[in-house]
Amino acid sequence: MIDGDEHQVESERLLRKARQHHLAQVNGVLRRPGMYGRDEMAERLLLEAMAAVDGSLARWQSECDGLRERDAFAPTGVRGAYSYVLPVEALRDATASVYAEIAHRLGWLELDRTLAERTGGAASPRKV
């Protein structure tokens, strides 16, 4: 029989494994959105599941509410809102980018590098 402390340790271990799994799935869909279909259902499901595992459902809902307030989310999602301003071939990646920004703010996006690292410093305006 498992005592209370052992049960707690095992629960925490399983939660860490679930979190690692969800992080990998979230980052996979954000890096290769086209592999998950043409709409954003995968992002929405995986990010909400990540929020549940992470104990961040209120923060996730707040981010979704913010999209609605900025008219960046229509009844058909981010893709629907963007369909009025972007060509159809740009919608999938633009939609994934919106969800990647949310994942970054919530601490779930695993960056390969930042823009500053890539450019060797802060971005500076181009001279024309």
Side-chain angles (χ1 to χ4, degrees):
M1 178 153 186
I2 299 177
D3 70 13
D5 289 339
E6 289 176 12
H7 187 321
Q8 179 69 23
V9 169
E10 180 64 10
S11 293
E12 289 173 5
R13 185 186 72 77
L14 291 173
L15 184 58
R16 270 192 312 275
K17 283 184 76 170
R19 187 177 193 283
Q20 289 170 343
H21 172 79
H22 279 75
L23 273 175
Q25 297 302 310
V26 163
N27 280 275
V29 73
L30 295 174
R31 282 185 167 79
R32 297 175 306 281
M35 291 179 58
Y36 294 83
R38 56 177 216 118
D39 64 19
E40 68 211 69
M41 190 54 62
E43 287 96 328
R44 290 172 61 187
L45 290 172
L46 287 169
L47 285 166
E48 186 165 332
M50 183 68 223
V53 168
D54 205 37
S56 302
L57 280 170
R59 289 180 65 203
W60 163 247
Q61 190 58 52
S62 176
E63 290 285 349
C64 292
D65 292 344
L67 290 174
R68 287 180 185 89
E69 291 166 7
R70 294 187 308 276
D71 293 326
F73 193 95
T76 52
V78 171
R79 180 182 173 92
Y82 277 24
S83 68
Y84 298 108
V85 294
L86 294 175
V88 70
E89 61 274 2
L91 289 174
R92 189 66 184 99
D93 289 337
T95 298
S97 179
V98 169
Y99 287 107
E101 289 177 25
I102 292 171
H104 181 65
R105 282 193 295 275
L106 295 176
W108 304 332
L109 186 65
E110 297 171 351
L111 300 174
D112 294 329
R113 63 187 170 278
T114 63
L115 181 59
E117 291 169 353
R118 186 174 180 191
T119 61
S124 58
R126 286 179 49 193
K127 294 183 181 177
V128 182

With sequence neighbours excluded, what pairs up with [X] under the salt bridge (charged side-chain N to carboxylate O under 4.0 Å, His left out) test?
{"X": "Glu43", "answer": "Arg92"}
{"X": "Arg31", "answer": "Asp112"}
{"X": "Arg13", "answer": "Glu10"}

Item to check | Spatial distance of atom CD (Glu40) from atom CG (Leu47) [nearest 0.5 Å] | outcome: 10.5 Å
Checklist entry - What distance do Glu110 atom CD and Leu30 atom CG have between them, rounded to the nearest 0.5 Å? => result 10.5 Å
Checklist entry - In the hydrophobic cluster built from side-chain contacts under 4.5 Å, what are the other members alongside Met41? => result Leu45
Item to check | Trace of the side-chain contact (heavy atoms from CB on, under 4.5 Å) decision for Val26 with Leu23 | outcome: CA-CA 5 Å; Val26 163; Leu23 273 175; 5.6 Å; no
Next on the checklist: If hydrophobic clusters are built by linking Ile, Leu, Val, Met, Phe, Trp and Tyr wherever their side-chain heavy atoms come under 4.5 Å apart, do Met50 and Leu14 end up in the same one?
Outcome noted: no
Sidechain-backbone polar pair: [X] side chain, [Y] backbone, donor-acceptor under 3.5 Å:
{"X": "His22", "Y": "Ala18", "value": "yes"}
{"X": "Ser11", "Y": "His7", "value": "yes"}
{"X": "Asn27", "Y": "Leu109", "value": "no"}

Using residues 72-87 as the side-chain source, report each donor-acceptor pair under 3.5 Å to any protein atom, sequence neighbours left out, with the distance given to one decimal.
from	atom 1	to	atom 2	distance (Å)
Arg79	NH1	Arg38	O	3.0
Ser83	OG	Gly80	O	2.7

Please report, to 0.1 Å, the donor-acceptor pairs under 3.5 Å made by any side chain of residues 52-67, with sequence neighbours excluded.
from	atom 1	to	atom 2	distance (Å)
Asp54	OD1	Arg19	NE	2.7
Asp54	OD1	Arg19	NH2	3.3
Asp54	OD2	Ser56	OG	3.3
Asp54	OD2	Trp108	NE1	2.9
Arg59	NH2	Arg105	O	3.3
Gln61	NE2	Asp65	OD1	3.1
Glu63	OE1	Arg105	NE	3.3
Glu63	OE1	Arg105	NH2	2.8
Glu63	OE2	Arg105	NE	3.1

